[in-house]
Structure formats: structure tokens, C-alpha cells
Amino acid sequence: MPELPEVEVTRMGIAPALVGRTVSAVSLRAPALRYPLPAALARHLKGKTLAGIARRGKYLLLDFGTGTVLLHLGMSGTLRLLPPRTPAGKHDHVDLVFDDLMLRLNDPRRFGALLWIEGDPNAHALIKDLGMEPLARSFTAKALHRRLTGRSAAIKLAIMDAHVVVGVGNIYASEALFRAGIAPRTPAGKVSLARLERLVTAIKETLRSAIRAGGSTLRDFFGCDGDPGHFQLEHRVYGREGEACRRCGTKIRQIRQGQRSTYYCPKCQR
DNA sequence: CTGGTCACCTGGAAGC
DNA sequence: TGCTTCCAGGTGACCA
């Protein structure tokens with residue numbers, strides 16, 4: 001159930017074990033994920049060496065030189081490193097075998113994706129229109145301000161829009177707005193530059209600390225009992241409806257925005 | 001372009 | 001116990 005930190009921790013967990021290694025076998029199991037699985041994947045990958053794993057937003061890009069495996073974990077996807085020939089359980093959709101080590105994709109809800117891309121992956125339809133990387137230097141209040149000027153949508157929905165900034169999911173959107181002291185329903189275009197400074201800082205800090213917290217779970221990528229998607233920091237507002245605000249004691253409220261739950265402190269966030 | 005809604009899927013928890 | 005309902009960390013497609 002990954003937001004950007006979970007995806008980045010997954011990348012950090014699997015890359016050292018797999019980069020530089022060669023694919024010996026591929027297993028695909030029905031049914032399809034968000035898109036049909038590429039039937040020719042084994043033909044494309046067998047004998048190919050993994051040159052690197054990059055992340056763009058919540059997508060993982062496995063670079064095999066002649067092409068790229070594009071991976072998205074959706075709402076419920078996880079990747080694990082297992083001994084080859086580990087029996088496949090329910091929702092184990094794809095195995096990439098690297099001789100004595102296997103990368104397995106499990107995704108119960110099947111909102112995830114695995115695609116084979118030839119050519120520049122950044123030109124792919126799913127990638128090319130993505131917004132700013134929140135951890136990049138170029139993600140600044142000024143840049144965000146430029147992007148949000150004139151927009152009437154709620155600030156919470158705006159920072160969750162992957163065409164504006166990638167990787168801020170439903171949990172971290174609420175958490176970042178709390179840290180920045182901004183009410184989630186404020187029209188995005190009406191948030192001042194000064195307050196966007198606080199928001200950009202809050203987004204970077206929230207994501208960075210979650211990645212740091214996830215670092216302690218990296219060993220969980222090995223072995224069948226691993227559960228690497230489920231680390232998380234103590235939330236300040238998310239999931240705490242009716243509980244006391246950690247800063248001022250006011251009861252945390254829950255509302256619906258775009259059919260998703262938003263949590264906020266009515267006193268700390270204006 | 002923008003904003004709003006729906007759809008895609010399974011499973012766990014809560015309610016009766 | 002068993003059935004029903006609601007909810008879940010994402011995002012592309014579609015509409016006005």
C-alpha cells in the first residue's frame with residue numbers, strides 16, 4: 001500500500017541484491033493487473049542483465065539495457081526477494097528469477113502494473129506527464145506556486161495530483177498539511193507563497209522521515225515473512241479522528257475529499 | 001485546461 | 001456464525 005517512501009524503500013531494498021545480475025527465468029501468472037501482463041516478458045528478459053533501478057514518482061524502472069520493466073505497486077503491491085522455486089501463493093503474479101535469487105510481485109487488489117518498455121521510459125505515456133519530484137532541489141515553493149496559481153481545487157487534492165507533484169499519497173498529504181498548518185480545503189490558488197514554503201518543507205520532511213523509518217525494515221525484503229510495505233511513522237493526524245491533536249489537544253476531524261478520507265486539526269490548520 | 005466522479009479489484013473490520 | 005456494508009496507502013478514463 002505504497003506511497004513514495006514505501007516505493008523508495010523497496011527500491012533501496014532490492015537494488016543492491018539485484019543490480020548487475022542476469023535473469024535466468026520469468027514466471028507470469030494470470031490474471032492481469034491493471035494492464036495485461038506482457039506475455040513476451042521472458043523472451044525479452046532471459047539472459048539480460050539488470051543495469052539499475054530508478055524511481056519516478058511511485059513507478060519503479062528496472063533498466064535492462066535493451067528495455068525497461070515499469071513497475072507500479074498500486075494500493076496493495078509488494079516486492080520480495082525469495083529463494084527460487086518458492087511455491088507461489090495467492091496473488092503472487094510475477095517472478096523474475098536471477099539464478100539463486102528471485103524477485104516476486106504480490107498484489108491482492110491488482111491495481112498495480114508491470115509493463116515492458118522499449119525506448120526512453122521517460123517518454124512513456126504513464127511517465128511523461130508526471131509532475132515534480134518532491135525530494136528534488138527543483139521542488140520549491142516558487143515552482144509549486146506557479147503550478148497552483150488560479151486553481152480552485154482544494155490544496156489537499158492539488159498536492160495529491162501526480163501531474164503537479166508525484167508521490168504524495170493520501171496519508172502523507174494529510175500529514176504534510178498538518179505540519180504546515182494549512183487547512184486541507186483551502187483553494188490551492190489561494191495559499192500564499194509564504195505558506196507554500198512551509199508546505200514544501202513539510203512535504204520533504206514528511207517523506208524523508210518516512211524513508212528513514214523504512215530503512216530499518218530493509219532486511220524484510222529477504223525471506224517469506226517480510227512485510228516491507230507496512231512500516232510507518234507515528235501519524236500526527238491520519239487515522240486519528242476524535243483523538244487529541246498532539247500539538248494543541250483539539251479533537252482531530254475527518255472529512256471526505258475526492259472520495260478519500262482527510263484528517264486535520266481544526267485549530268492548528270487554518 | 002479544469003474539476004468532479006467513476007471504475008478497476010480483493011479482503012478485513014464493523015454492524016446487525 | 002453468517003450475511004451485509006463500508007473502507008482501504010492509486011490513478012487513468014470520462015464527463016460537463
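Keep in mind that this is a model prediction, so the values were computed, not measured. Chain A is the first sequence line, chain B the second, and so forth, proteins listed ahead of strands; every chain is numbered from 1.
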Peer 1: Roughly how many Å is it from CG in A:Leu157 to C1' in B:dG4, rounded to a whole number?
Peer 2: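 The answer, rounded to whole Å, is 10 Å.
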Peer 1: Reckon A:Arg34 has a side-chain N or O less than 4.0 Å from the OP1 or OP2 of C:dG12?
Peer 2: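 Answer is no, no contact under 4.0 Å.
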Peer 1: OP1 or OP2 of C:dA8 sitting under 4.0 Å from any side-chain N/O of A:Ser261?
Peer 2: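 Yes, because at least one side-chain N or O of A:Ser261 sits under 4.0 Å from OP1 or OP2 of C:dA8.
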Peer 1: Test side chain to side chain donor-acceptor pair (under 3.5 Å) on A:Thr49 and A:Thr22 and set out the steps.
Peer 2: CA-CA 4 Å; A:Thr49 299; A:Thr22 300; 2.9 Å; yes
Peer 1: For every nucleotide of nucleotides 10-15 of chain B, 5' to 3': is a protein heavy atom under 4.0 Å from its base (B), only from its sugar-phosphate (S), or from neither (-)?
Peer 2: BS----
Peer 1: Evaluate the ring planes of A:Phe64 and A:Phe98, with Trp represented by its six-membered ring, and classify them as parallel (under 30°), tilted (30 to 60°) or perpendicular (over 60°).
Peer 2: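 Judged by the thresholds at 30° and 60°, the geometry between A:Phe64 and A:Phe98 is parallel.
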Peer 1: Assess whether a salt bridge exists between A:Asp161 and A:Arg147, defined as any Lys/Arg side-chain N lying under 4.0 Å from an Asp/Glu carboxylate O.
Peer 2: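 Judged by the 4.0 Å cut-off on N to carboxylate O distance, A:Asp161 and A:Arg147 do not form a salt bridge.
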Peer 1: Say we look at C:dC14 and B:dC9: how far apart would their P atoms be, to the nearest angstrom?
Peer 2: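 Between the two P atoms, the distance is 15 Å.
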Peer 1: DNA chain C: A:Arg260 or A:Tyr59, which has the more 5' nearest nucleotide?
Peer 2: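 First, find each residue's nearest nucleotide; the 5'-ward one identifies A:Arg260.
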Peer 1: Any salt bridge between A:Glu6 and A:Lys58, counting N to O under 4.0 Å?
Peer 2: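 No, A:Glu6 and A:Lys58 are not salt-bridged.
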Peer 1: A:Lys156 NZ to C:dG10 C1': how many Å, rounded?
Peer 2: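 The distance from NZ of A:Lys156 to C1' of C:dG10 comes to 12 Å, rounded to the nearest Å.
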Peer 1: Do A:Lys156 and A:Asn170 meet the criterion of a side-chain donor-acceptor pair at a distance under 3.5 Å?
Peer 2: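 A:Lys156 vs A:Asn170: donor-acceptor pair found between side chains.
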Peer 1: Within this structure, what is the CZ-to-P distance between A:Arg147 and B:dC1, rounded to whole angstrom?
Peer 2: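 In whole Å, B:dC1 P and A:Arg147 CZ are 10 Å from each other.
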Peer 1: Atom CG of A:Asp161 to atom P of B:dT2: distance rounded to whole Å?
Peer 2: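 Rounding to the nearest Å, CG of A:Asp161 and P of B:dT2 are 9 Å apart.
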Peer 1: Write down the distance between CE (A:Met75) and P (C:dG10), rounded to a whole number of angstrom.
Peer 2: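 Atom-to-atom, A:Met75 to C:dG10, this comes out as 6 Å.
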Peer 1: For nucleotides B:dG11 and C:dG12, find the distance between their P atoms and express it as a whole number of Å.
Peer 2: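 Straight-line distance between the two P atoms is 24 Å.
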Peer 1: For A:Arg185, I'd like to know if atom CZ has over 12 heavy atoms of other residues, nucleotides or ligands within 6.0 Å.
Peer 2: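 Check fails, neighbour count at 12 or below.
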Peer 1: Determine whether the aromatic ring of A:Phe111 stacks with the base of B:dC9, defined as ring centroids separated by less than 5.5 Å and ring planes inclined by less than 30°.
Peer 2: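 Aromatic stack with B:dC9 absent for A:Phe111.
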Peer 1: Is there a side-chain contact between A:Ser76 and the phosphate of C:dG9, meaning an N or O under 4.0 Å from OP1 or OP2?
Peer 2: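 Answer no for this pair, as no side-chain N or O of A:Ser76 is under 4.0 Å from OP1 or OP2.
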Peer 1: Provide, to the nearest angstrom, the distance between the CD1 atom belonging to A:Ile159 and the P atom belonging to C:dT11.
Peer 2: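 To the nearest whole Å, that distance equals 14 Å.
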Peer 1: Which whole-number value in Å describes the distance from A:Arg151 CZ to B:dG3 C1'?
Peer 2: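 Going from A:Arg151 (CZ) to B:dG3 (C1'), I get 8 Å.
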Peer 1: For C:dG9, does either OP1 or OP2 sit under 4.0 Å from a side-chain N or O belonging to A:Tyr238?
Peer 2: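 Yes, within the criterion.
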Peer 1: For A:Leu126, answer base if it contacts any base atom (sugar-phosphate contacts may also be present), sugar-phosphate if it contacts only those atoms, and nothing otherwise; contact means non-hydrogen atoms under 4.0 Å.
Peer 2: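 It contacts sugar-phosphate atoms only.
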Peer 1: Does A:Glu3 contact C:dG10 through a side-chain donor or acceptor facing the base, at a distance under 3.5 Å?
Peer 2: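 Counting by modelled atom types and ignoring angles, no donor-acceptor contact under 3.5 Å is found here.
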Peer 1: Nearest of C:dG9, C:dG10, C:dA8 to any side-chain atom of A:Met160?
Peer 2: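 Shortest atom-to-atom distance from the side chain points to C:dG10.
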Peer 1: Rounded to the Å, how far apart are A:Asp107 CG and B:dC8 C1'?
Peer 2: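 That distance rounds to 12 Å.
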Peer 1: Any strand is fair game: report the nucleotide pairing with C:dC7 by Watson-Crick or G-U wobble, both distances under 3.5 Å, or none.
Peer 2: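 Check on C:dC7: paired to B:dG11, both distances under 3.5 Å.
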Peer 1: Would one find a side-chain N or O of A:Arg256 under 4.0 angstrom from OP1 or OP2 of C:dC6?
Peer 2: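 For C:dC6, OP1/OP2 do not have a side-chain N/O of A:Arg256 under 4.0 Å.
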Peer 1: Roughly how many Å apart are B:dT5 and C:dC7, using the P atom of each and rounding to a whole number?
Peer 2: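 That atom pair is separated by 16 Å.
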Peer 1: Can you tell me the pairing partner of B:dC1 across any strand shown, Watson-Crick or G-U wobble, with both distances under 3.5 angstrom?
Peer 2: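 No nucleotide pairs with B:dC1.
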Peer 1: Ring of A:Phe178, cation from A:Arg247 - is the NZ or CZ under 6.0 Å from the centre and inside 45° of the axis?
Peer 2: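 Flagged: A:Arg247 positioned over aromatic ring of A:Phe178.
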Peer 1: In Å and rounded to the nearest 0.5 Å, what is the CZ to CG distance from A:Arg55 to A:Leu60?
Peer 2: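 One finds 8.5 Å between CZ of A:Arg55 and CG of A:Leu60.
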